[in-house]
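To start, the structure itself, in structure tokens.
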Amino acid sequence: MSLLDVRNLRKSYGALKVTDDLNLSVDEGELHAIIGPNGAGKSTLIAQLSGQAGSDGGSVRFDGTDMMGMPMHKRVRAGMSRSFQITSILPGFTALENVAVAAQAGQGSSFRFLAPVADEAALNDAALAALARVGIDDRAFVKAGSLSHGEKRQLELAIALATRPRLLLLDEPLAGTSGAEADRLVEVMRSLKSELTLVLIEHDMDAVFSLADRISVLVYGRIIATGSPDQIRSDPKVRAAYLGEETEDA
Amino acid sequence: MLRVEGLQAAYGESQVLHDIAFEVAEGEVVTLLGRNGMGKTTTINTIFGLLPARAGKVWIGDADMTNAAPHRIARAGMGLVPEGRQVFPTLDVRENLIAMARPGNWDFAKVLALFPRLGERLGNKGNQLSGGEQQMLAIGRALMTNPRLMVLDEATEGLAPLIRDEIWACLSQLKEAGESILIIDKNVDALTRFADRHVVIEKGQVVWSGDNAALRSTPDIKERFLHV
Amino acid sequence: MRLIPTRAWAATLLFAAFAALPLIAAALDDAYLVVIATRILAYAIAALALDLILGYGGMVSFGHAAYLGIGAYSVAILSRAGITDLSLHILGAIAGAAIFAVITGAISLRTKGIYFIMITLAFAQMAYFFFVSLSAYGGDDGVTLSTRSTLFGQPVLEDDTALYYTAFAILLGLYLTAVAVTRSRFGRVLTGARENPVRMQAIGFSPFRYQLTAFVISGCMTSIAGVMLANQASFVSPAYMDWHRSGELVVMVVFGGIGNLLGAVAGATIALLLEEWLAVLTEHWPLLFGLILVLVVLYSRDGLTGFFRRRL
Amino acid sequence: QDDETLKIGLIFTLSGPAAVLGEMGRDGFQLAAEQIGEIGGMPTEIIVVDDEQKPDIAANKARELVERDQVDIVVGPIFSNILGAIMKPVTDSGAILISPNAGTSNFAGAECNRNFFVTSYQNDQMHEVMGAYAQEQGYSNVFLLAPNYQAGKDSLAGFKNSYKGGVAGEIFTQLGQLDYSAELAQIAAMQPDAVFAFMPGGMGVNLVKQYRQAGLETIPFLSAFTVDESTLPAQQDAAVGFFAGSNWAPDLDTPENKAFVDAYEAKYGKVPATYAMQAYDAAHLIDAAIREAGGTGDKDALIAAMEGAPFTSVRGDFSFGPNHYPVQDFYLTEVVQREDGKFATSIVKKIFDDYADNYVGACEMN
Amino acid sequence: MTNLFLLQLLNGMQFGILLFLIAAGLTLVFGIMDFVNLAHGVIYMVGAYLAVTFSQMTGSYGLGLLLTLPATLVIGLVLELLVFRKLYDRPHLDQVLATFGLVMIITEGVEIIWGAAPLSVQMPDLLSGSVPLIGPLRYPVFRLVVIAAGLATAVALWLIITRTRIGMRLRAGATNRAMVSALGVDIKKLFTIIFAFGAMLAGFAGAMVAPILTVDPGMGESVLILAFVVIVIGGIGSVKGAFAGALLVGLVDTLGRSFGPIILRSFLDPSAAGQAGRVLAPMLVYILMAVILAARPAGLFGART
Ligand SMILES: Nc1ncnc2c1ncn2[C@@H]1O[C@H](COP(=O)(O)OP(=O)(O)OP(=O)(O)O)[C@@H](O)[C@H]1O
Ligand SMILES: Nc1ncnc2c1ncn2[C@@H]1O[C@H](COP(=O)(O)OP(=O)(O)OP(=O)(O)O)[C@@H](O)[C@H]1O
Ligand SMILES: [Mg+2]
Ligand SMILES: [Mg+2]
């Protein structure tokens, strides 16, 4: 059954229709990749799903509940988390604190005023585990703002993981990471497939084709094709609009 | 064109660059390779005078430009596509492109021809662009300064495969036109198609450097320094 | 991490000095010292309160003097109504401040940065002009309090030293509470919301609720400072709510070094002492005071605490 | 406490936009002190403090004067709201407070205090002078203008106390207002018989200049605290011919006054305003009273001596009412350019003779 | 009544333009360069004092005005070199603290040099009269000059900021100085020049108002908040916004003052209306700002938050 169900979603900036009557359904447990050219509206879609940006119309149902009009933090509480394409972290916090505060969101009330939070082992352990999973646990006590670009990208994923979502929306998690780190993150995502549902936006086609159960192609605010990796790879429309010769390399 | 010797640099107390030395000759394409957090971006920042060099030298052409003001380094012929795009959020696309432009081969029309997408978004502010569009803008902006040495720090991050291919093509053209290029990019395979030499950085030190052929012929370099 | 023991040390030192001050004053036979110091304590409370939202929450309130005024007027108004006890004055101040803070905070928090600064200023100015037009309490001339608040029914606060120690106890209590708050779960969310509110939303927090709570807490704390000021000067007027006063509070906090509560206390103390001392030295004291401010900014990235941090 | 030296604390506004008034007060007092030498025949120490025009700061400074410096007498302040703040700390300590300017109604009436004297006037009186003059002129249509604060409201009330004619309009402007175009347009539209304005300090400068520039000078301009020697250097010929009510003017014809004005101008290079004159008188009051009481040791004797106002005011006629506020003459003054080119107010005629304030009845001095 | 309304409309606009003139330098330094400069007011004040002194020295207001411009430019340069340039990369609060210090220093300095008494400058006879408008209503000639100066400043500033590369670089530099210089622009020099130019604009405003407003040590502070209000209402970073903000404040303030009581009287009894009017009038500008910011958290024309 479908965990996420998007119907006729719309949004425009002035005359520009960024999301144009978009339909999408994501099944529980699948890794659903969304690919498409730059400026197609992928990040906007994520923003709309997560509640960061408003929508002009349409509906978003998550696990049967209507999400429209629900503020971002409530959607997260309902089990839908996201990562950002353009890194969004708490630069003055250590890497560990960045993740711990994400874990904190899911563990009881944060209107606790007196007990020192740094002593809460449950939060720190969860945070360390998430950092270890993405491979930067050795950087746990470094200020997030002083991490290198690639490390910040890894941290970005760890934060999203720490909220323990049922549905994780990842906006180009591999961008800015290379070689070993990229490989590692691909493995992380592969292992996540058994734990939760993923929507993955990526321009790294190797990763997309090796991970995705299904792929949707978004062009100018519309999904022009949805299917298995093989179907998509051989779809001439998709090749023309997006893939070019890239797949030959892979 | 660019020569770096024994470069050292630090953020506050923590030293990041220990000993960086390499050279980019006129018309040459050189890559900086290395895993996350090894000091590639720091190297670029130090060369550009954005971070003070603690020791070592930076030569541009025949001039010692160590710790010179960034604008002097840029005016000596260096163009930067910085990591993380850093387009100007309050300027629109057109302004981003022309504000710092210097006369030369590349002009507004040519950049728009390279990235037609930007032409459709001329009125958008820098922060009203998609990630990939920002990246195109950052590249276009650097081209508009008409440098003799382009420095690209993860310039293809977030670009769709088609566009990435166009960037490679464009860089090849630049090379043919005699320009030098210093590039950091994760698509090592694509780089090997037109790069002349490679420099691998690990923990702030150059641990390997060699020409394209050497890299292709010794696959364990990639294994050793770029993978686990 | 290493900073915490240092701060504990410095805090112990500073508060010990405050505790010993009346003894020193007695030894020097200068009772007036206690009078000045009480005023300093009151401002230290206000600065501490402001630092809680400014340093940790990133909310630069340029209207905190309004809460000083609310506190001061609650003394005047309740006293006139025959309610004289300090605890009730404080309660009244907190109630008034909370109402004002909830309403203005909820609106102000729609904005950020400079806009937040200006909208909090706007609300404080409205409060200021409201009290200016309050003829029953002397309008802008204000009113003189015939007696100070009583403490559990006893007029003990008429004694300057008793008033001093009361203010001291309040400051110490609020300081310890504030330190705990900043290290708590709540404090972490508050700081996170300053660092990156969108990110905080994306992990499931509504920054608004935390920021508003902090804003109200801070306003209430500041109103207690107003209660103490009114008692110290035995006088209440809208001048407490003047925007200059709000500016001075911000200056005290930044001067001391933002985002480490002790800096706020030290900033208030040193700024007021300097003012006192320079005014004795020369009639042109603002010249020197201004110069000191400029030099502190230019040579320390973190106010006065910045100097210490480098040493220690 | 040392009974051998006389300690006097001066508390004036010496910084901020109104500093000029405080400086005049301080200078007037110090001029007298220098001329007298040993005030009351005692070695004299004068301590000057700045109240910054902030009441709470003033209250603390006043306490500092009486508690730490142990002064016998405090002279000050300029502003009424400051007076309210320092009254209690000074008089509670037993020191004598002499106000050389502020004279609020509460301390003239129900809250009058043995230890408190005023050498200036009761605030309402200056406005009453103008009201009486307007009444005398037979105006039936006067436009009233004052800033929107307590003193402004008192001012218009004071004016209406003695003016019974019609009011063309009554406007409370904002404190510190810069631009008066809107008010001036209304005045121009109404063409009243006269305008009465209470616009102290910089507001008065703005108003007077703009009044002239708007071409309204044909409408008589009556005022209090709006054109005086503290603002005239800035208003200059824009104010010439404008009227004010006062208890004094530099050209008041008494020998003491001539000596005072000449000495003041010689020393400070400017024409003194009432603030200077009243502080100057305060010094002479202290001097004469201490000599009469034979020192500061016996406060009751000193107060009793003061009540007799045993000195010659530069104003000539001067005595204290039972509330320790002055009983004196009031004049209509007009701004003129003197032969030396400087601008000053000049006495046109006497409006009130030996005039006491309206609150004295409520004062029950114990 | 309608005549008066039209005249008050004109007065409101006139006051707004005056405010814009005073705020123009701040628009540049705070609005565009994103530097919180509390010292703007005192530089404006110094401009007025210099105009007084230079006019007296030369015997001509016009010459005095002309000399004030380079003098305030130099003051701006000196301040920039000594203090401001070290603060561009620092948080806004550090800028607040430092410029607060400068305010104290300069205010006290002015009192030491020129004394506390208000001063004034004689305007040329040519401009000192008033021209008839409608009926008995007249308009001061000098006000027309101020309006012209304000409009000219607004247009010039808008052109520079939005239409020239200098303006673009300035806006770019406000958000990312490092990147601007890495692209080959000497941002330090640019900021120095523009800052000095901003100081000169402040000085120009001071000299322009010297004939109609009091020149005293408090004049800078009394307009500082208003100048910030104007810019913030309009939206930080927008010259258009600052101009609109200034006009709005001028109009609301003037019309509120003159017609507010009348409006209140239409639904309150006269004494209550008078009372309410007196309470509300001084708050008007602040109510305006609060309402605008509550509805549009980044001001009327603001994009940056
Ligand atoms: N605030 C805005 N105002 C106007 N247009 C906008 C705004 N934000 C985004 N856009 C436009 O909307 C389009 C969709 O942007 P979006 O970020 O969703 O693209 P994307 O598919 O994520 O692209 P990329 O792969 O490059 O990240 C872009 O063309 C962009 O220029
Ligand atoms: N602003 C900073 N302050 C302190 N340390 C920093 C800062 N920026 C980077 N570092 C540290 O310097 C080291 C090198 O970082 P750099 O950005 O040069 O890496 P990189 O090789 O470019 O990595 P990536 O591929 O992830 O971009 C890292 O350990 C990083 O944590
Ligand atoms: Mg995107
Ligand atoms: Mg990098």
Side-chain angles (χ1 to χ4, degrees), chain C residues 25 28-40 42-43 65 68-69 72 128-129 131-135 137-148 158 160 226 229-230 232-242 244-245 248 272 275-276 279-280 282-287 289, chain D residues 10 12 14-17 19 22-23 26 47-70 79-93 102 104-107 111 113 123 147-154 157 172 174-176:
Chain C
L28 294 175
D29 194 24
D30 185 359
Y32 182 68
L33 262 186
V34 178
V35 177
I36 312 179
T38 312
R39 184 158 173 271
I40 292 178
Y43 276 103
L68 284 183
Y128 172 78
F129 286 115
F131 282 102
V132 163
S133 66
L134 208 61
S135 292
Y137 291 87
D140 71 313
D141 285 347
V143 282
T144 302
L145 302 174
S146 50
T147 56
R148 286 184 176 158
E158 296 299 332
D160 286 335
L229 272 182
Q232 189 269 348
S234 293
F235 180 77
V236 173
S237 92
Y240 286 121
M241 328 177 84
D242 191 351
H244 288 100
R245 208 49 63 95
E248 282 160 18
L272 291 172
E275 197 176 313
E276 219 27 78
V280 174
T282 157
E283 158 187 6
H284 300 302
W285 65 269
L287 205 80
F289 194 84
Chain D
L10 301 189
F12 284 111
L14 298 173
S15 57
E23 288 178 0
R26 178 197 61 193
I47 303 162
V48 184
V49 298
D50 175 13
D51 63 38
E52 300 175 38
Q53 215 185 338
K54 295 174 186 158
D56 57 319
I57 291 199
N60 280 295
K61 293 268 171 91
R63 287 189 72 173
E64 181 169 4
L65 284 175
V66 293
E67 287 180 21
R68 179 183 268 177
D69 302 320
Q70 311 221 312
F79 292 98
S80 299
N81 56 342
I82 305 290
L83 177 63
I86 68 172
M87 183 73 169
K88 188 164 139 57
V90 174
T91 53
D92 275 5
S93 77
T104 52
S105 54
N106 54 339
F107 298 131
E111 294 172 53
N113 188 304
N123 288 351
N148 185 9
Y149 70 135
Q150 200 58 39
K153 293 175 205 166
D154 294 347
F172 287 100
Q174 286 165 45
L175 211 52

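Numbered from 1 within each chain, the chains take letters A, B, ... in sequence-line order.
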Comparing D/M87, D/E67, D/R68, D/K153 against chain C, the one with the most heavy-atom pairs below 4.5 Å turns out to be D/R68

The ring pair (Phe, Tyr, Trp, His ring centres under 6.0 Å) partners of C/F131 (sequence neighbours excluded) come to C/Y73

* Under-4.0 Å salt bridge between C/E248 and C/R245 -> yes

Residue from C/L145, C/V132, C/V35 scoring the most non-hydrogen pairs under 4.5 Å with chain D is C/V35

Quiz item: Any luck finding a side-chain donor-acceptor pair between D/S80 and D/N123 under 3.5 Å?
Solution: yes

Whatever's closer than 4.5 Å to a heavy atom in chain D on C/F129 counts as neither

Under 4.5 Å to a heavy atom of chain D? For C/D30 that would be side chain

- Is a salt bridge present between D/D92 and D/R63, judged by a nitrogen-to-oxygen distance below 4.0 Å? no

The ring pair (Phe, Tyr, Trp, His ring centres under 6.0 Å) partners of D/F107 (sequence neighbours excluded) come to D/F116

Whatever's closer than 4.5 Å to a heavy atom in chain D on C/Q232 counts as both

Cut-off 4.5 Å, heavy atoms of chain C, and the answer for D/E52 is side chain

If one checks every heavy atom of C/L33 against chain D at 4.5 Å, the contacting part turns out to be both

Could you check whether C/R39 pairs with C/E276 (Lys NZ or Arg NE/NH1/NH2 to Asp/Glu carboxylate O, under 4.0 Å)?
no

